[in-house]
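Below, chain A is the first sequence line, B the second, and so on; all start at residue 1. All figures in this text were calculated on a predicted structure; none of them were measured in a lab.
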Number of protein chains: 2
Amino acid sequence: MTFTPLLQSFVMHFGEMGSRWGFNRTVGQMYALLVISDEPLSANDIAETLSISRGNVSMGLKELQSWRLVQQHHKPGDRKDYFMALGSVWDMAQRVLEERRKREIDPTLSLLRTILLESPANEQEAYAQSRLNEVHDLLENVTHWSQELQHLSPEKLETLMKLGAGVGKVLDMKDKLLPSKRN
Amino acid sequence: MTFTPLLQSFVMHFGEMGSRWGFNRTVGQMYALLVISDEPLSANDIAETLSISRGNVSMGLKELQSWRLVQQHHKPGDRKDYFMALGSVWDMAQRVLEERRKREIDPTLSLLRTILLESPANEQEAYAQSRLNEVHDLLENVTHWSQELQHLSPEKLETLMKLGAGVGKVLDMKDKLLPSKRN
DNA sequence: CTGAAGTTTCAGTAATTTCTGAAAACTATA
DNA sequence: TATAGTTTTCAGAAATTACTGAAACTTCAG
């Protein structure tokens with residue numbers, strides 16, 4: 001692929017942001033490259049384009065696969081592995097959110113559960129537990145919610161987003177129309 | 001404050017997770033400590049409890065203040081500064097989300113805007129732009145949405161979360177009942 | 001104005017993370 | 001089975017990030 005300055009600027013930026021998004025610079029660059037490439041790239045293509053070592057590319061691809069953000073692709077009569085970014089932008093966003101939930105929230109949630117099972121040894125622990133209980137409930141809510149949203153179609157999600165704060169009104173409406181259900 | 005093993009385990013865990021949440025280990029520990037403490041702590045209290053240097057605490061508090069997660073607090077007749085975690089768990093969550101949006105999404109959004117203003121120099125750039133355009137729209141949607149959600153009351157937010165995927169049905173309902181509005 | 005009590009800064013060091021490149025391990029073909 | 005093309009691994013080097021502690025700074029009371 002031709003790597004013009006315009007494309008380069010995006011790839012480099014994404015590398016910088018990468019660390020904030022949970023992966024390192026080169027992994028960020030690799031992913032950006034795959035996203036904007038109109039054809040699958042081999043590990044060598046990537047290493048050359050970004051001027052990074054072959055070994056680094058191999059590790060980076062492994063990481064991107066663990067995030068399930070890239071797809072492997074084979075060309076007939078060619079032994080090399082080719083890679084491309086996963087489907088739609090929505091798919092990508094879902095993957096990133098899901099993986100981050102797994103890495104950032106799940107472990108904390110499980111620790112909180114065990115902490116909350118203990119009976120408090122003193123005042124201070126009792127206070128801490130009450131605080132942690134709130135955190136636990138919040139994280140659990142967020143987790144459930146994000147899991148359920150994943151089952152919504154992209155169109156519905158878009159409607160929901162466009163609705164924005166208007167969702168408050170819809171909720172009021174629901175309460176009036178469906179008083180049978182709890183909540 | 002008494003720093004029992006139970007509390008310690010949480011503080012240390014939060015330190016480890018800290019890096020995934022956008023701040024470093026000690027900042028994570030400091031924040032955890034403030035969250036579970038029932039009284040405001042001085043910088044010295046923090047340094048001692050966590051066995052870290054006074055200078056590090058000073059920098060960490062500065063960072064937590066930049067996230068607007070801690071509040072300064074003065075005791076009458078005492079020149080020391082005391083610190084406590086910000087209000088409710090919801091407030092904390094909002095702050096973290098907002099700050100992360102600023103750090104993770106905003107810069108990318110602004111770069112995407114400038115890239116999309118350029119006219120594509122070749123096939124490859126045209127393809128890249130179409131892809132980046134999708135990313136741009138998604139990020140913009142997410143940004144607007146999260147901003148609007150911040151204006152919803154905690155109770156409404158909780159209702160929305162508990163609703164989960166059920167929100168899809170409510171959206172259908174809305175379309176039937178309010179066919180006048182677009183979307 | 002002085003000095004005691006406190007906070008912040010920052011140069012240097014320590015710890016951690018990332019990257020390289022050569023070697024080992026695959027894998028398909030002959 | 002040998003071998004050529006390819007990918008993976010991983011020890012060590014390089015780069016980055018975090019932490020310490022002493023010095024500089026600030027603030028306030030006397």
Side-chain angles (χ1 to χ4, degrees), chain A residues 11-34 40-67 70-84 103-104, chain B residues 11-34 40-67 69-84 100 103-104:
Chain A
V11 168
M12 293 305 142
H13 169 89
F14 213 85
E16 299 311 318
M17 299 310 280
S19 53
R20 305 201 176 166
W21 278 93
F23 27 76
N24 67 36
R25 184 152 27 99
T26 42
V27 173
Q29 293 174 355
M30 287 172 53
Y31 186 54
L33 192 61
L34 289 172
L41 300 176
S42 74
N44 277 318
D45 294 338
I46 298 174
E48 273 179 44
T49 311
L50 299 176
S51 319
I52 59 182
S53 77
R54 190 58 190 69
N56 199 359
V57 171
S58 177
M59 291 192 295
L61 285 170
K62 222 169 94 183
E63 167 125 22
L64 284 174
Q65 281 175 315
S66 89
W67 283 75
V70 298
Q71 249 175 341
Q72 217 157 337
H73 181 274
H74 287 281
K75 292 193 184 178
D78 187 341
R79 276 171 57 186
K80 282 210 268 308
D81 289 338
Y82 288 82
F83 297 88
M84 51 195 302
R103 291 156 204 238
E104 299 176 359
Chain B
V11 168
M12 292 305 143
H13 169 89
F14 213 84
E16 299 310 320
M17 299 309 280
S19 52
R20 305 200 177 168
W21 278 92
F23 27 77
N24 67 36
R25 183 152 28 101
T26 42
V27 171
Q29 292 176 354
M30 289 171 53
Y31 187 54
L33 191 61
L34 289 172
L41 300 176
S42 73
N44 277 318
D45 294 337
I46 298 174
E48 273 179 44
T49 312
L50 300 176
S51 320
I52 58 182
S53 76
R54 190 60 190 67
N56 199 359
V57 171
S58 177
M59 292 192 294
L61 285 171
K62 226 170 88 183
E63 167 124 20
L64 285 174
Q65 282 175 313
S66 88
W67 283 75
L69 283 170
V70 299
Q71 249 174 340
Q72 219 157 338
H73 180 275
H74 287 281
K75 292 192 183 178
D78 187 341
R79 275 173 59 188
K80 281 210 271 304
D81 290 338
Y82 289 82
F83 297 88
M84 52 196 300
R100 289 182 85 171
R103 292 158 203 238
E104 298 175 0

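The shortest heavy-atom contact between A:His74 and A:Lys80 is ND1-O, 3.9 Å. Between A:His73 and A:Met84 the shortest heavy-atom distance is CD2-SD, 3.9 Å.
D:dT27 atom P lies 11 Å from atom CG of B:Asp81, rounded to whole Å. Here D:dT16 presents its C1' atom at 12 Å from CD of A:Glu16, a figure rounded to the nearest Å. Atom pair B:Lys80:NZ and D:dT27:P shows a separation of 18 Å (rounding to whole Å applied). Taking atom CG of residue A:Asn44 and atom P of nucleotide D:dT6, one finds them 8 Å apart after rounding to whole Å. In this structure, A:Gln72 atom CD and D:dT6 atom P are separated by 15 Å, rounded to whole Å. When rounded to the nearest whole Å, the span between CG of A:Leu61 and C1' of D:dT7 equals 10 Å. The distance between atom CG of A:Leu41 and atom P of D:dT7, rounded to the nearest whole Å, is 13 Å. One can place CG of A:Leu64 at 13 Å from P of C:dT18, the figure rounded to the nearest angstrom.
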Inset, instruction - Go along nucleotides 25-30 of chain C 5' to 3' and tag each nucleotide: B for a protein heavy atom under 4.0 Å from its base, S when only backbone or sugar atoms are that close, - otherwise. - result: --B---

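Side chains of A:Trp21 and B:Glu104 form a contact here, defined as non-hydrogen atoms less than 4.5 Å apart. The side-chain heavy atoms of A:Leu41 and A:Thr49, taken from C-beta on, include no pair separated by under 4.5 Å.
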Inset, instruction - Check step by step if side-chain contact (heavy atoms from CB on, under 4.5 Å) holds for A:Phe83 and A:Leu61. - result: CA-CA 9 Å; A:Phe83 297 88; A:Leu61 285 170; 3.4 Å; yes

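The structure places CG of B:Leu69 at 10.0 Å from CG of B:Leu34, a figure rounded to the nearest 0.5 Å. Rounding to the nearest 0.5 Å gives a distance of 9.0 Å between CD of B:Glu16 and NE2 of B:His13. The CZ atom of B:Phe14 sits 12.0 Å away from the CG atom of B:Leu33 when rounded to the nearest 0.5 Å.
Applying the salt bridge (charged side-chain N to carboxylate O under 4.0 Å, His left out) test to A:Glu48 and every residue at least two apart in sequence or in another chain returns nothing.
Comparing the end axes of the helix from C:dC1-D:dG30 to C:dA30-D:dT1, each fitted to five base pairs by superposing C1' atoms of four pairs onto the next four, gives an inter-axis angle of 10° (nearest 10 degrees).
Near DNA chain D, defined here as any heavy-atom distance below 4.0 Å, the residues from residues 17-30 of chain A are A:Arg25, listed numerically. For the contact set between residues 45-59 of chain B and DNA chain C, defined by any heavy atom under 4.0 Å, the members are B:Arg54, B:Gly55, B:Ser58, B:Met59.
OP1 or OP2 of C:dT9 lies within a sub-4.0 Å distance of a side-chain N or O belonging to B:Lys62.
The cationic group of B:Arg100 does not satisfy the cation-pi geometry with B:Trp67, failing either the under 6.0 Å distance to the six-membered ring centre or the 45° limit from the ring axis.
Of the possible donor and acceptor atoms, none in the side chain of A:Arg54 sits under 3.5 Å from a partner among the backbone N and O of A:Ala47.
At a cut-off of 3.5 Å, with distance as the only test, no side-chain donor of A:Gln71 or A:Gln65 sits close to an acceptor on the other residue. Between the side chains of A:Ser42 and A:Asp45, at least one donor N or O lies within less than 3.5 Å of an accepting N or O.
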Considering only distance and modelled atom types, tabulate donor-acceptor pairs under 3.5 Å from the side chains of residues 25-32 of chain A, sequence neighbours left out.
{"unit_1": "A:Thr26", "atom_1": "OG1", "unit_2": "A:Asn24", "atom_2": "OD1", "d": "3.2"}

